[in-house]
Chemist: 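Below is a structure I'd like to ask you about.
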Amino acid sequence: MDKLLQEKLKPLRERIDAIDHEILNLLNQRAQAAIDVGKVKHEFQADGPVLKPEREAQIIRRLQDLNERGVFPRESVHAVWAEIISACRGLERGLTVAYLGPKGSFSEQAAFEYYGHAIQKLPCPSFDEVFRAVEAGQADVGMVPVENSTEGAVNRTQDLLLSTTLKVHGERIIAIRHCLMTQGASMDKVKVIMGHPQALAQCHNWLQQHYPNLERVPAASNSEAAKHAAQDDTVAAIAGEAAALVWNLPIVAAGIQDDPNNKTRFLAIGHLDALPSGKDQTSLIFAVPNRIGAVYDLLSPFVQNGVSMTRFESRPARTGQWEYYFYVDILGHRDDENVAKALAELEKKSAFFKILGSYPLQ
Ligand SMILES: O=C(O)C(=O)C[C@]1(C(=O)O)C=C[C@@H](O)C=C1
């Protein structure tokens with residue numbers, strides 16, 4: 001039986017080996033082409049950014065379209081080429097990415113999915129530190145969560161986006177699956193459940209149902225909570241599977257978020273602007289004068305110029321006068337004619353106006 005199986009597998013595996021050999025040869029040719037691109041870029045703009053978000057998005061989209069009827073999964077086209085491009089980009093110049101750590105965090109996962117693994121990692125203790133590291137040039141780019149499908153806006157990121165000089169050049173939306181983890185996979189000694197406040201909120205109903213009497217303690221990040229749990233058997237943590245692996249913690253319960261489709265959207269931030277890729281969106285913040293009908297007036301340029309809004313959120317301006325900042329996403333690139341016209345009109349009417357960036361849609 002085993003012999004027959006081996007006999008049948010042998011030619012198939014030989015075929016896979018030959019294909020892998022061909023893929024490897026092609027990857028080396030691609031890497032050499034990227035090195036040549038890097039040299040040309042350096043000739044024209046010695047300090048210019050190597051990262052070209054619009055080009056990366058176009059490459060992956062084109063391949064996904066070409067693969068419409070292929071058996072290779074669509075999402076894997078993204079995963080594989082994100083890594084190929086990451087490795088090629090790394091040969092041109094290294095890219096340091098700041099994000100909320102420690103290792104194993106969802107921010108790290110988003111950074112890997114967007115920039116690939118061929119990066120220098122800079123895990124930071126807070127969102128403020130991520131912005132600061134990129135602003136100061138300690139990191140080239142950063143990855144920060146901006147909204148969650150269950151909990152809404154990530155307030156600290158929203159506040160930091162308001163005042164930063166950095167721009168948004170990309171997004172990554174990832175499924176968030178929270179797990180409860182503790183030493184020995186036993187809740188017997190556990191006195192507190194730790195997690196990032198957003199994670200505790202996203203698992204609120206489950207925690208109420210299963211552990212209503214255990215104290216919930218906020219941590220700077222889920223991964224930080226997992227680190228505590230790894231050092232103290234009276235602590236259980238809420239974090240992702242990646243954190244369980246990193247801190248070697250057994251999972252007591254998986255997928256405990258109240259919404260099974262829980263997702264978080266991350267923004268890629270840095271000093272660069274993404275050029276139009278063909279399928280883009282623009283994020284902006286504005287404030288209106290405090291009078292009746294002001295918001296309605298402000299939005300009319302979008303309607304008149306046929307610009308679709310995909311997100312509209314308000315945050316108090318903290319002036320104590322019921323004034324708000326509006327965080328808006330629209331479809332299109334700021335260089336598109338209709339978008340440019342709408343934005344120019346909106347800017348004229350706003351008390352505050354800031355374009356965070358135009359960037360490829362995921
Ligand atoms: O086309 C470029 O500008 C490249 O540098 C090549 C490449 C790639 O590997 O395809 C690498 C990095 C850029 O972000 C975009 C694409």
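Indexing begins at 1, ligand by ligand and atom by atom, following the structure's order. Note that the numbering runs from 1 along the sequence shown for the chain.
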Chemist: What atoms of ligand 1 come closer than 4.0 angstrom to any heavy atom of V50?
Modeler: 13 (C), 14 (O)
Chemist: Suppose we measure from atom 13 (C) of ligand 1 to each protein heavy atom; which comes out shortest, and what is that distance?
Modeler: E56 OE2, 3.4 Å
Chemist: Does CD belonging to E337 count more than 12 external heavy atoms closer than 6.0 Å?
Modeler: no
Chemist: Which option, R30, E92, K52, E54, owns the non-hydrogen atom nearest atom 9 (O) of ligand 1?
Modeler: R30
Chemist: Is there a path of hydrophobic side-chain contacts, each under 4.5 Å between heavy atoms of I, L, V, M, F, W or Y residues, that connects I59 with F72?
Modeler: yes
Chemist: Only counting residues at least two apart or in another chain, list the ones meeting salt bridge (charged side-chain N to carboxylate O under 4.0 Å, His left out) with R177.
Modeler: E241
Chemist: In terms of heavy-atom contacts, does NZ of K349 have more than 12 from other residues, nucleotides or ligands at under 6.0 Å?
Modeler: yes
Chemist: For C88, counting its heavy atoms only, list the atoms of ligand 1 lying under 4.0 Å from any of them.
Modeler: 9 (O)
Chemist: Record the part of I59 in heavy-atom contact with ligand 1 below 4.0 Å; permitted values are side chain, backbone, both and neither.
Modeler: side chain
Chemist: Using a 4.0 Å cutoff against the non-hydrogen atoms of R89, which atoms of ligand 1 qualify?
Modeler: 12 (C)
Chemist: Would you mind listing which atoms of ligand 1 come within a distance below 4.0 Å of any non-hydrogen atom of L51?
Modeler: 14 (O)
Chemist: Among all the protein's non-hydrogen atoms, which is closest to atom 3 (O) of ligand 1, and how far away is it?
Modeler: K41 NZ, 2.7 Å
Chemist: Under the rule for salt bridge (charged side-chain N to carboxylate O under 4.0 Å, His left out), what residues qualify as partners of K167, not counting sequence neighbours?
Modeler: D273
Chemist: Hey, which atoms in ligand 1 end up nearer than 4.0 Å to a heavy atom of V37?
Modeler: 2 (C), 3 (O), 4 (C), 5 (O)
Chemist: Between F352 and Y325, is the ring centroid distance below 6.0 Å?
Modeler: yes
Chemist: Give the residue, atom name and distance (to 0.1 Å) of the protein heavy atom nearest atom 16 (C) of ligand 1.
Modeler: R55 CG, 3.8 Å
Chemist: Ring centroids only, cut at 6.0 angstrom: are F286 and F353 within range, meaning strictly under it?
Modeler: no
